[in-house]
Colleague: 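This structure is in structure tokens; I'll ask about it shortly.
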There are 2 protein chains.
Amino acid sequence: MQFSKSTDYALHALIHLGHSERCNNVGIKELSGALGVSESYLSKIMSKLRQDGIVRAVSGVNGGYELARPADQITFLDVIQVIEGRQQLFECSNSSSRQHRLLAEEGAAQRDQNRPRKNECLVEKVMNGAEQHLHQYLQEHTIQSVLDEAFKRCSHEVNKK
Amino acid sequence: MQFSKSTDYALHALIHLGHSERCNNVGIKELSGALGVSESYLSKIMSKLRQDGIVRAVSGVNGGYELARPADQITFLDVIQVIEGRQQLFECSNSSSRQHRLLAEEGAAQRDQNRPRKNECLVEKVMNGAEQHLHQYLQEHTIQSVLDEAFKRCSHEVNKK
DNA sequence: CTAATATAGACCTTTGTTGTCCATAATAAA
DNA sequence: TTTATTATGGACAACAAAGGTCTATATTAG
């Protein structure tokens, strides 16, 4: 259970774009150089980000990428979901097993309340809780928040000197 | 980014064992039947759990598995770490890239304080935070807590009838 | 001794990740 | 219009991990 390298690349690329706002578009060459990733692979990732509306891209001379919306509206969760997909963090495989059915039977009291969950097993319930917590946290962190932090560190350093 | 089926199997198996405490050991056949997983594959998983001290196993006639410690001392995190391994949730691949180095440079003020983190990049910092939150949550849920919940549901149902 | 049970290793198949390469489309500048 | 530059999409390959089977071996109760 680990985030893929692609997610790593995507996040770093977006931070680079965020940092280069106001300037022109950033080409794949520059990005590739900054991150130390091959152009061909990185361009795949950038395409995905474009398809999901995270960045805009223009072909041709002086083309390149830019953020499709302000950096404080691009959360870590957004990026991760584009790259890793939106499947659940955890799913029970054998929903028809005895074990699962035992843990999935809900009292009538709970079934009455209009909960859309149908037959969620108790293990899934815990794990879905984990997923929610994780998403919550990842939503609170944006490309901008990283840039801010970097700026703080930087100015701190300057003050020292 | 998903938990493996093995983790699913392991959690369900442990819940079965927790539920069968006081009785004799539970053999792989019974477990396999309850979970709907092949004996051979499940036994691999059980072996891992034994090696890491989550369960005890006895060979021979009437042998089988039992929890190695009380169910309220076996957390979801314990189980997940045995099965999924203990690598970090996220690691930057190109720690020597320009991007990474920029984000990793810490102000002297922070370096002075005895933090063991050496050159943690800001992306890693956010993601390590996510990991901590996740671990925190997973540590708060145990095999026992699922059993308790199941019991609650069950008695609820009985009351209704 | 025998039947039942767990263990460990070899092996295989499927799937996902990481990556390259090439043909094509779009665009700015000459 | 042509050319150089840039992004896009598809095909493909190498590799690793997950999921799963089978067999030989060790252990133990009866």
Side-chain angles (χ1 to χ4, degrees), chain A residues 1-10 12-13 17 20 24-33 35-68 80 82-87 89-94, chain B residues 1-10 12-13 17 24-33 35-68 80 82-87 90-94:
Chain A
M1 241 276 294
Q2 243 200 217
F3 286 103
S4 64
K5 289 191 181 188
S6 296
T7 292
D8 172 10
Y9 300 157
H12 278 95
L17 292 188
S20 309
N24 288 330
N25 287 336
V26 178
I28 195 71
K29 276 204 183 112
E30 180 177 334
L31 276 178
S32 160
L35 304 200
V37 185
S38 81
E39 294 179 28
S40 53
Y41 192 49
L42 190 54
S43 66
K44 284 283 168 58
I45 295 169
M46 297 311 294
S47 281
K48 255 194 198 171
L49 291 173
R50 184 190 59 83
Q51 285 166 3
D52 273 65
I54 307 285
V55 302
R56 271 189 297 267
V58 282
S59 290
V61 178
N62 292 330
Y65 303 94
E66 63 179 350
L67 299 184
I80 288 168
V82 169
I83 304 296
E84 307 273 341
R86 289 177 174 76
Q87 348 86 11
L89 191 61
F90 181 91
E91 277 174 297
C92 284
S93 355
N94 301 324
Chain B
M1 240 279 293
Q2 243 200 204
F3 286 102
S4 64
K5 290 191 180 185
S6 295
T7 292
D8 171 11
Y9 300 156
H12 278 94
L17 292 188
N24 287 330
N25 287 336
V26 178
I28 196 69
K29 277 204 182 113
E30 181 177 333
L31 276 178
S32 160
L35 305 199
V37 184
S38 79
E39 293 179 29
S40 52
Y41 193 48
L42 190 54
S43 65
K44 284 281 170 61
I45 295 169
M46 297 311 294
S47 281
K48 255 195 199 170
L49 291 173
R50 184 189 58 83
Q51 283 165 4
D52 273 65
I54 307 284
V55 303
R56 271 189 296 268
V58 282
S59 290
V61 179
N62 292 329
Y65 302 94
E66 63 180 350
L67 299 185
I80 287 168
V82 168
I83 304 296
E84 308 274 339
R86 290 175 174 77
Q87 349 85 10
F90 180 90
E91 276 174 298
C92 285
S93 354
N94 300 325

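Lettering follows sequence order; numbering is per chain, from 1. Fair warning: this is a prediction, and the values are worked out from it, not measured in the lab.
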Colleague: Just the rounded figure in Å: distance from P of D:dT21 to CD1 of B:Ile45.
Modeller: 11 Å
Colleague: Whole angstrom is fine here: how far is it from CD in B:Gln87 over to C1' in C:dT17?
Modeller: 15 Å
Colleague: Whole angstrom is fine here: how far is it from CD in A:Glu39 over to P in C:dC22?
Modeller: 14 Å
Colleague: Using a cutoff of under 3.5 Å, can you pull out all pairs of nitrogen or oxygen atoms linking the protein to nucleotides 6-12 of chain D, with atom names and distances?
Modeller:
residue: D:dT6; atom: O4'; partner: A:Gly60; partner atom: O; Å: 3.2
residue: D:dT6; atom: O2; partner: A:Gly60; partner atom: N; Å: 3.2
residue: D:dA7; atom: OP1; partner: A:Ile28; partner atom: N; Å: 3.0
residue: D:dA7; atom: OP2; partner: A:Ile28; partner atom: N; Å: 3.3
residue: D:dA7; atom: O4'; partner: A:Ser59; partner atom: OG; Å: 3.3
residue: D:dT8; atom: OP1; partner: A:Arg50; partner atom: NE; Å: 2.4
residue: D:dT8; atom: OP2; partner: A:Ser47; partner atom: OG; Å: 3.2
residue: D:dT8; atom: OP2; partner: A:Tyr65; partner atom: OH; Å: 2.8
residue: D:dG9; atom: OP1; partner: A:Arg50; partner atom: NH2; Å: 3.4
residue: D:dG9; atom: OP2; partner: A:Gln51; partner atom: NE2; Å: 3.3
residue: D:dG10; atom: O6; partner: A:Lys44; partner atom: NZ; Å: 2.9
residue: D:dA11; atom: N6; partner: A:Lys44; partner atom: NZ; Å: 3.1

Colleague: Can you find a side-chain donor-acceptor pair between B:Ser6 and B:Tyr41 that sits under 3.5 Å?
Modeller: yes
Colleague: A:Asn24 CG to C:dT27 P: how many Å, rounded?
Modeller: 16 Å
Colleague: Identify the heavy atoms of A:Ser20 and A:Val26 that sit nearest to each other, and give their distance.
Modeller: CB-CG2, 3.7 Å
Colleague: So how far is it from A:Ser4 OG to B:Met1 CE, rounded to the nearest 0.5 Å?
Modeller: 9.5 Å
Colleague: Contact class for B:Ser40 vs. all strands (heavy atom < 4.0 Å): base, sugar-phosphate, or nothing?
Modeller: base
Colleague: Over all heavy atoms of both residues, which pair between A:Gly53 and A:Ala68 is shortest? Give the atoms and the distance, please.
Modeller: O-CB, 3.4 Å
Colleague: Evaluate the side-chain contact (heavy atoms from CB on, under 4.5 Å) criterion for residues B:Ile83 and B:Leu49: first the C-alpha distance (whole Å), next the side-chain angles of each, then the deciding distance (0.1 Å), finally the verdict.
Modeller: CA-CA 8 Å; B:Ile83 304 296; B:Leu49 291 173; 4.3 Å; yes
Colleague: Rounded to the nearest 0.5 Å, how far does CZ of A:Arg50 lie from OG of A:Ser43?
Modeller: 11.5 Å
Colleague: Working to the nearest 0.5 Å, report the span between CZ of A:Arg56 and CG of A:Leu17.
Modeller: 11.0 Å
Colleague: Could I get a table of every N or O pair under 3.5 Å where one atom is in the protein and the other is in nucleotides 16-19 of chain D?
Modeller:
residue: D:dG19; atom: OP1; partner: B:Lys5; partner atom: N; Å: 3.1
residue: D:dG19; atom: OP2; partner: B:Lys5; partner atom: N; Å: 3.3

Colleague: Could you go through nucleotides 14-16 of chain C and list every protein N or O atom that sits under 3.5 Å from one of its N or O atoms, giving the distance for each pair?
Modeller:
none

Colleague: I need the A:Tyr9 OH to A:Ser32 OG distance, nearest 0.5 Å.
Modeller: 10.5 Å
Colleague: Has B:Asp52 got a side-chain atom pairing as donor or acceptor with B:Val82's backbone, closer than 3.5 angstrom?
Modeller: no
Colleague: Take atom CZ of A:Arg56 and atom C1' of C:dT27, then tell me their distance rounded to the nearest Å.
Modeller: 17 Å
Colleague: Please report, rounded to the nearest Å, how far the C1' atom of C:dA6 is from the CG atom of B:Leu49.
Modeller: 14 Å
Colleague: Expressed as a whole number of angstroms, how long is the span from A:Leu42:CG to C:dC21:P?
Modeller: 16 Å
Colleague: Hey, mind stepping through B:Asn62 and B:Asn24 against side-chain contact (heavy atoms from CB on, under 4.5 Å) and telling me if it holds?
Modeller: CA-CA 8 Å; B:Asn62 292 329; B:Asn24 287 330; over 6 Å; no
Colleague: Which atom pair, heavy atoms only, marks the closest approach of A:His12 to A:Leu35?
Modeller: CB-CD2, 3.8 Å
